[in-house]
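Heads up: the structure comes next, in structure tokens.
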Amino acid sequence: MMEFRYPPLTSAAKPSFFNSPFLWLIWIALATIFCLMFAWTVSPWYVHEGMDSAIFKIIGLGILEGKLPYRDLFDHKGPLIFYLNALGLAGGKTGLLLLHILFLSVTLYLVYLSSCFFTSCRNAFWISLISLLFWAIFIQEGNQVEFFMLPAIALSLYLALRIYKDPDKIFGSYFIGFCFAWILLMRMSDAVMQVGGLFTGLCLYGLLKKRFKKTLFSILWFLAGAATLVLPFVIYFATQNALPEFWYGNFTFNYLYSQNAHHALYNYGNTNMLIFLLLSCILAVGKKKELSYLYFIFVPVAALSYFLVGKYNFPHYYLIYMPLFALCTSLLCNKYYISLVLWILIAGCGFAHPGRNVRQSTDLWVQRLQRNKKTARIYEEAGKLFACVPDNEKDDIWCYNVVSFGNGNLGIFPYHGIVPCNRLFCCWHLVYDDLQETESIENHYPKWVVLDDKESFPKGREYIEANYDLVFQADPSVCLLKLYRLRQN
């Protein structure tokens, strides 16, 4: 019979390498290596910027210059990702890399603790290392909201396991609520299906066991933990007279965006993840009644994930399942062939989207270095372009439409430390609601305009040609960037 045990880092544990505090050094070292190799938007080994990362960096730079997310620079992710980027960028070029190393190291430690519930500390150590392969498959580019969610998800899973073992430790629900708010302030749907699913299962299990009073107090502690993190942001944006903008960007717009990416009845990546989670749970529990509570962990998360991930399955969407993947591995660590089949199944989620994402998922270092050479030339041309702009006017640049996926032009702005003057610098945001009517170049009167001629923006182009002079054009064999200056009357 499999026993449910506490992690070995207690005074009663027999000292060994696998429960030594010096394991931190190994996790930090491995996190450093993996971040340098795979998190290429924050690694000094690569130049190319991913689109999401570039947006977060631009808003992070704006925060350092006194701008407010949503009101001054818009994206529909939660505010935490912007302030984390601001914190990293405040530390220079290595700041974001150090944040990645810290977050990945903490995640590995929490994965190790959760695995220790079901297997030896030796096996738990190796499982935490194996989970790095899962991380490498789904990281995609680094500096994604899913990456910064990992410690919160891993901590929630660990605390939930502790409460299942000892229902009197309901104070852990406070920290689960805090973790829920952490993810909610990054991406609403991920909070619901991950920590929300875990806590829902925990409450349902408590009700099934007729622990009504403890379940009620768990819910109250959960709400208190969530309020601890959410209320300061609400108060801050309210004092800045930007509470409607905060609500719209973090919740309303996010909902509109999710509706556009509504769920398809059959989706390769979602179905693989559903099968992986449920099959792992069934194989682990078997006839062991003492492990039946695992269904209350896996089933809610699997069901919510199936309907909330959406039809656009970018590989980094699945990064948040790393702690659950490690838990599955620890439950089935003695069933090697079954584990291999599940490994193949979970790797298939990385190929859930045809074309671009398959290529990104299988991107070799050689291909990245080739892309680096092309991107480096674009950034070099952008440097010549921005050299034409006086330093005191580099915050008065209209940057709309420089968002091409193919050459990473959006990355030129954080790369050169440029903060756009326009709130909606990403054209993808204009297709929702009435933003296109309220956010236009005519409302900003910028002194400078940067355009990518590869993109089409007829209304804006007509206005620009009537009111601006072309002062610089990049080498067309490299990119189609153009710089315009407001015409002097």
Side-chain angles (χ1 to χ4, degrees), residues 31 52-53 56 59-60 63 69-70 75-88 96 98-111 113-114 135 139 142-163 171-202 218-237 246-247 249-251 254-255 258 297 300-301 304-305 308-309 316-324:
D52 286 352
S53 176
F56 303 153
I59 298 178
I63 290 172
Y70 311 117
D75 188 58
H76 67 279
K77 300 298 192 299
L80 268 176
I81 187 65
F82 309 139
Y83 285 96
L84 283 169
N85 271 259
L87 176 63
L96 273 175
L98 293 176
L99 270 183
H100 274 61
I101 293 171
L102 173 64
F103 274 64
L104 183 54
S105 299
V106 171
T107 301
L108 290 173
Y109 174 68
L110 292 168
V111 161
L113 290 182
S114 295
W135 182 88
I139 187 62
N143 200 24
Q144 298 278 10
V145 291
E146 289 80 8
F147 171 80
F148 287 107
M149 294 176 187
L150 284 176
I153 294 171
L155 178 59
S156 298
L157 179 59
Y158 170 72
L159 292 172
L161 290 171
R162 290 293 299 264
I163 295 173
F171 182 67
S173 298
Y174 172 87
F175 296 102
I176 296 177
F178 188 91
C179 292
F180 178 83
W182 179 274
I183 302 173
L184 187 71
L185 292 173
M186 286 195 182
R187 189 165 189 165
M188 179 173 57
S189 57
D190 289 346
V192 173
M193 66 188 180
Q194 281 287 322
V195 180
L198 282 172
F199 190 72
T200 298
L202 190 63
S218 289
I219 294 173
L220 294 176
W221 277 122
F222 177 88
L223 294 174
T228 301
L229 186 58
V230 172
L231 284 180
F233 279 95
V234 172
I235 294 171
Y236 173 71
F237 279 93
F246 164 72
W247 182 268
N250 197 39
F251 298 105
N254 206 344
Y255 172 76
S258 299
I297 291 178
V301 174
L304 289 170
S305 300
L308 291 178
V309 168
H316 62 266
Y317 286 4
Y318 297 99
L319 188 63
I320 56 178
Y321 296 94
M322 177 182 167
L324 279 173

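Considering Q194, R187, M322 as possible partners of M149, the one that fulfils the side-chain contact (heavy atoms from CB on, under 4.5 Å) test is R187.
Evaluation of the side-chain contact (heavy atoms from CB on, under 4.5 Å) rule for S218 yields I170, S173, F199 as partners, not counting sequence neighbours. With sequence neighbours left out, the ring pair (Phe, Tyr, Trp, His ring centres under 6.0 Å) criterion links F103 to F148.
Using a 4.5 Å heavy-atom cutoff, the side chains of V195 and L157 are not in contact. Put simply, the side chain of N143 does not reach to within 4.5 Å of the side chain of D52, judged on heavy atoms. I63 has its side chain within reach of P69: a pair of non-hydrogen atoms, C-beta onward, lies under 4.5 Å apart. When side chains are defined from C-beta on, I320 counts as touching M193, because their heavy atoms get closer than 4.5 Å. Side-chain contact check for I176 versus I163: some heavy-atom pair is nearer than 4.5 Å. Within the 4.5 Å cutoff, the side chain of L223 has heavy atoms near those of the I219 side chain. Contact of the C179 side chain with the I153 side chain is not registered, since no non-hydrogen atoms from C-beta on lie closer than 4.5 Å. Proximity of E146 to D190: side-chain heavy atoms (C-beta onward) are separated by under 4.5 Å at one or more points.
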Could you go through L150 and W135, starting from their C-alpha distance and side-chain angles, then the distance that decides it, and tell me whether this counts as side-chain contact (heavy atoms from CB on, under 4.5 Å)?
CA-CA 10 Å; L150 284 176; W135 182 88; 3.9 Å; yes
Checking L104 against F147 for the side-chain contact (heavy atoms from CB on, under 4.5 Å) test, could you report, in this order, the C-alpha distance in whole Å, the side-chain angles of both residues, the deciding distance, and whether it holds?
CA-CA 8 Å; L104 183 54; F147 171 80; 4.2 Å; yes
Could you walk me through whether V301 and T200 pass the side-chain contact (heavy atoms from CB on, under 4.5 Å) check?
CA-CA 9 Å; V301 174; T200 298; over 6 Å; no
Would you sort out whether F237 and W247 count as a side-chain contact (heavy atoms from CB on, under 4.5 Å), showing the intermediate values?
CA-CA 9 Å; F237 279 93; W247 182 268; over 6 Å; no
Can F175 and F178 be said to form a ring-ring contact (aromatic ring centres under 6.0 Å, His included), step by step?
CA-CA 5 Å; F175 296 102; F178 188 91; 7.7 Å; no
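Distance CG/L99 to CG/L87: 5.0 Å, rounded to 0.5 Å. Expressed to the nearest 0.5 Å, how far CZ of R162 lies from OG of S114 amounts to 10.5 Å. Here CG of L229 is found 9.0 Å from CG of L184. Values are rounded to the nearest 0.5 Å. For the atom pair L159 CG and L155 CG, the distance stands at 4.5 Å (nearest 0.5 Å).
Within 6.0 Å of CH2 in W221 there are 12 or fewer heavy atoms belonging to other residues, nucleotides or ligands.
Annotation for V230 and A181: closest pair CG2-CB, 3.7 Å, computed over non-hydrogen atoms. Minimum interatomic distance between P323 and V111 (heavy atoms only, all atoms of both residues): CA-CG2, 4.1 Å. Nearest heavy atom pair, residue Y70 against residue K77, reads OH-O, 2.7 Å. Closest approach of G197 to P300, counting heavy atoms only: O-CB, 3.4 Å. Listed here is the closest heavy atom pair of A31 and I101: CB-O, 3.8 Å. Closest heavy-atom contact between L304 and V192: CD1-O, 3.4 Å.
Taking the six-membered ring for Trp, F171 and Y174 have ring centres closer than 6.0 Å.
Checking side-chain atoms of H100 against main-chain N and O of G142 turns up no donor-acceptor pair under 3.5 Å. Of the possible polar contacts, one joining the N85 side chain to the I81 backbone as a donor-acceptor pair under 3.5 Å is found.
Pairs passing the side chain to side chain donor-acceptor pair (under 3.5 Å) check and including a residue from residues 175-186, sequence neighbours excluded, do not occur.
Aromatic ring pairs are classed by plane angle as parallel below 30°, tilted from 30° to 60° and perpendicular above 60°; the pair F180 and F222 is tilted.
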